[in-house]
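Notes for the one structure printed next.
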Amino acid sequence: MTLNLFDDAEQGRVWQEAICPGAVVLRHFALRYEVEIFAALDDIARQAPFRHMVTPGGFRMSAAMTSCGEFGWTADRTGYRYITTDPETGLPWPPMPETLGRLAVAAAMSAGYPEFVPDACLINRYAIGAKMSLHQDKDEPDLGAPIVSVSLGLPANFQFGGPRREDKTQRVQLTHGDVVVWGGPARLFFHGVLPIKNGLHPSTGEFRINLTFRKVSK
Ligand code: MD6
Ligand code: FE
């Protein structure tokens, strides 16, 4: 199904593609926010630098990560969790810039989740070859809230499966400005990112950036 949302002389067309019940891609949805997003990201990365976390299993994650908002996400040898201070700096995470919050709320609304108010934004930076293995986003206590995921820069092959790791996955190519929203029946579905292919993007160079907005507080 595709549904035309709006046209804009400068930003072009924005449309939706369903992945499965509860999950949808909003093509080009973030393009109109691009300038503000990159300004916000520079500001956040200055206060809370990107870092490679080590999973409880002892693996260094290939995507570099930081966060903004009331809660940030960390992984270390003892587990995964959301915390209010950045363990690297001992300071609270940078606040979520207003434009980022507005983008996430508008995307969730467009996807059929009008109640969504995010209090955490995880920011991943993928260099060429970096990936994210199939996983569920299940560290958030309120599973009624969706995940809103914004893709920027180099394209990615996003895998979206089902409730069990062994379920068949669909492959969705995500390009600059695309937003994926998943919630409801798809909220705990397995997903991942295949290794980023060699390339050069005018906005991000040799990187892909992904922002995922969540609601962490109950
Ligand atoms: C993506 N990201 O990069 C999908 N999950 O397109 C995720 O699934 C994700 O970036 C948990 C934590 C950080 C993430
Ligand atoms: Fe995830």
Side-chain angles (χ1 to χ4, degrees), residues 17 19-20 22-30 37 41 44-45 48 50-57 59-69 71-76 79-83 86 93 96 100 103-104 107 111 118-141 143 145-163 165 167 169-183 186-197 201 204 207-216:
E17 293 171 10
I19 300 175
C20 65
V24 66
V25 191
L26 313 177
R27 296 290 183 190
H28 299 177
F29 192 93
I37 294 172
L41 289 179
I44 291 161
F50 283 99
R51 77 289 309 261
H52 292 273
M53 292 177 188
V54 176
T55 67
F59 296 100
R60 176 183 186 269
M61 296 181 73
S62 63
M65 201 174 283
T66 186
S67 293
C68 69
F71 297 91
W73 189 81
T74 80
D76 61 25
Y80 299 107
R81 64 193 162 276
Y82 285 101
I83 50 176
D86 176 354
W93 296 102
M96 190 183 301
L100 296 191
L103 159 60
D119 55 17
C121 173
L122 278 54
I123 304 160
N124 283 284
R125 189 184 64 196
Y126 295 77
I128 289 159
K131 65 181 172 65
M132 193 165 294
S133 306
L134 271 186
H135 65 278
Q136 295 169 291
D137 289 6
K138 60 177 183 191
D139 299 322
E140 302 77 22
L143 294 172
I147 304 282
V148 173
S149 165
V150 176
S151 291
L152 297 165
L154 290 179
N157 283 310
F158 183 63
Q159 296 174 290
F160 204 81
R165 183 178 294 280
D167 289 333
T169 58
Q170 297 183 57
R171 194 182 285 190
V172 182
Q173 164 111 246
L174 298 178
T175 61
H176 185 67
D178 291 346
V179 178
V180 184
V181 182
W182 67 94
R187 177 61 180 75
L188 287 176
F189 280 17
F190 279 85
H191 57 278
V193 177
L194 295 175
I196 301 298
K197 292 185 183 151
H201 191 277
T204 62
F207 291 100
R208 169 179 187 254
I209 306 273
N210 176 260
L211 284 67
T212 53
F213 296 89
R214 297 116 192 284
K215 177 172 176 276
V216 172

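In listed order, ligands and their atoms are each counted from 1. In what follows, residues are counted from 1 in the order of the sequence shown.
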With respect to the Fe ion (ligand 2), what is the nearest N, O or S atom of Asp137?
-> OD1
Contact region, Gln159 to ligand 1, non-hydrogen atoms below 4.0 Å, reads neither
Any chance you could lay out the side chain to side chain contact (heavy atoms under 4.5 Å, CB included) test for Thr169 and Phe189, step after step, and finish with the verdict?
-> CA-CA 10 Å; Thr169 58; Phe189 280 17; over 6 Å; no
Does Gln136 reach ligand 1, in the sense of a heavy atom lying below 4.0 Å from it?
-> no
Provide, to 0.1 Å, the distance between atom 3 (O) of ligand 1 and the closest protein heavy atom, together with that atom's residue and name.
-> Tyr126 OH, 2.7 Å
Closest non-hydrogen atoms of Leu134 and Arg165, given as atom of the first, atom of the second and distance, are O-NH1, 3.0 Å
Quick one: list whatever passes salt bridge (Lys or Arg N to Asp or Glu O under 4.0 Å) with Arg125, sequence neighbours left out.
-> none
Nearest-neighbour protein heavy atom for atom 14 (C) of ligand 1, which is reported as residue plus atom name and distance = Asn124 ND2, 3.2 Å
May I ask you to identify, for Trp73, whether its side chain, its backbone, both or neither come under 4.0 Å of ligand 1 on a heavy-atom basis?
-> neither
Closest heavy-atom pair, Trp93 versus Gly69, reported as atoms and distance to 0.1 Å, is CB-O, 3.5 Å
Taking every non-hydrogen atom, the tightest pair across Thr74 and Met53 = CA-SD, 3.7 Å
Less than 3.5 Å between some nitrogen or oxygen of Asp137 and one of ligand 1, yes or no?
-> yes
Please list, one pair per line, the donor and acceptor atoms closer than 3.5 Å that link side chains of residues 145-153 to other protein atoms, with sequence neighbours excluded.
from: Ser149; atom 1: OG; to: Asn210; atom 2: ND2; distance (Å): 2.9
from: Ser151; atom 1: OG; to: Arg208; atom 2: NH2; distance (Å): 2.7

Can you check side chain to side chain contact (heavy atoms under 4.5 Å, CB included) on Val180 and Asp178, steps first, answer last?
-> CA-CA 7 Å; Val180 184; Asp178 291 346; 5.8 Å; no
Closest approach of Ala64 to Phe50 (non-hydrogen atoms, all atoms of both residues) = O-CD2, 3.7 Å
Should the proximity of Val180 to ligand 1, defined as any heavy atom under 4.0 Å, be assigned to the side chain, the backbone, both, or neither?
-> neither
With heavy atoms of Arg208 as the reference, note each atom of ligand 1 found under 4.0 Å away.
-> 1 (C), 3 (O), 6 (O)
Which one of Met65, Arg125, His191, Lys138 has a non-hydrogen atom at the shortest distance from atom 8 (O) of ligand 1?
-> His191
Go through ligand 1 atom by atom and flag the ones less than 4.0 Å from a non-hydrogen atom of His135.
-> 5 (N), 7 (C), 8 (O), 9 (C), 11 (C)
Atoms of ligand 1 close to Leu122 [distance to a heavy atom under 4.0 angstrom, numbered from 1] = 12 (C), 13 (C)
